[in-house]
Novice: 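Sharing a structure, written as structure tokens. Questions coming.
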Amino acid sequence: MYTEKVMDHFEHPRNVGEIKDPSGMGTVGNAKCGDIMRIYLDIDENQIIRDVKFKTFGCGAAVATSSMATELVKGKSVTEAMKVTNQAVMEALDGLPPVKVHCSLLAEEAIHAALWDYAQKNGVDIEGLKQPKSDISEQDEDEDY
Ligand code: FES
């Protein structure tokens with residue numbers, strides 16, 4: 001049911017962890033299953049994503065899609081990172097079962113939330129970026145998970 005690439009990223013997820021003093025951090029919840037994802041971004045002065053890490057309570061598909069999404073945004077500019085949609089991530093993984101498509105949204109939304117956080121802190125305007133609706137970081141700031 002899962003492609004080889006999905007299994008590879010599930011079994012060997014890239015970029016798991018956290019970044020101390022990140023340039024931007026976003027935490028989002030999945031409306032469908034209630035799972036949570038947090039993305040940390042380290043962005044340099046040229047607006048290039050130097051490093052990215054993720055942590056999730058999501059399922060295997062969420063782990064695999066986040067792993068791939070973080071690989072795709074690493075080294076890119078913040079504007080290019082906006083093109084890493086859940087669709088692009090699913091294509092890079094050779095597809096996901098339809099019931100798992102909602103899981104792939106977590107990575108996209110958390111990256112957007114982290115970019116929003118970075119943009120707010122630095123007074124930067126990122127084309128096409130809107131305030132993420134599902135950003136829950138304000139409510140759970142003190143929680144450590
Ligand atoms: Fe919740 Fe996949 S079932 S992220």
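Counting starts at 1 for both ligands and their atoms, in listed order. This one's a predicted model, so the numbers in the text were calculated from it and none came from an experiment. Just the heavy atoms: all of them, side chains too, but no hydrogens, waters or symmetry mates, feed the values below.
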Novice: I need the atoms of ligand 1 closer than 4.0 Å to a non-hydrogen atom of L106, numbered in the order shown.
Specialist: 4 (S)
Novice: Taking N, O or S atoms only and a limit of 2.8 Å, check whether C103 reaches atom 2 (Fe) of ligand 1.
Specialist: yes
Novice: Taking the side chain as C-beta and beyond, is there a heavy-atom pair between K55 and Y40 under 4.5 Å?
Specialist: yes
Novice: Which atom, among the N/O/S set of D35, is closest to atom 1 (Fe) of ligand 1?
Specialist: OD2
Novice: I want to check something: taking the side chain as every heavy atom from C-beta on, are N86 and V101 in contact at a cut-off of under 4.5 Å?
Specialist: yes
Novice: What I'd like to find out is whether the side chain of L41 reaches to under 4.5 Å of the side chain of I19, using heavy atoms alone.
Specialist: no
Novice: Taking 2.8 Å as the cut-off, does C59 contribute an N, O or S atom near atom 1 (Fe) of ligand 1, distance below it?
Specialist: no
Novice: Which atoms of ligand 1 are found less than 4.0 Å from any heavy atom of C33?
Specialist: 1 (Fe), 3 (S), 4 (S)
Novice: I want to check something: taking the side chain as every heavy atom from C-beta on, are R14 and M68 in contact at a cut-off of under 4.5 Å?
Specialist: no
Novice: Which bit of T56 is near ligand 1, meaning a heavy atom under 4.0 Å away: side chain, backbone, both or neither?
Specialist: neither
Novice: Is F10 atom CZ crowded by more than 12 heavy atoms from other residues, nucleotides or ligands, each under 6.0 Å away?
Specialist: no
Novice: A62 heavy atoms, cut-off 4.0 Å: which ligand 1 atoms fall inside?
Specialist: 4 (S)
Novice: Step by step, work out the salt bridge (charged side-chain N to carboxylate O under 4.0 Å, His left out) result for D44 and R50.
Specialist: CA-CA 6 Å; D44 74 10; R50 210 164 18 195; 5.0 Å; no
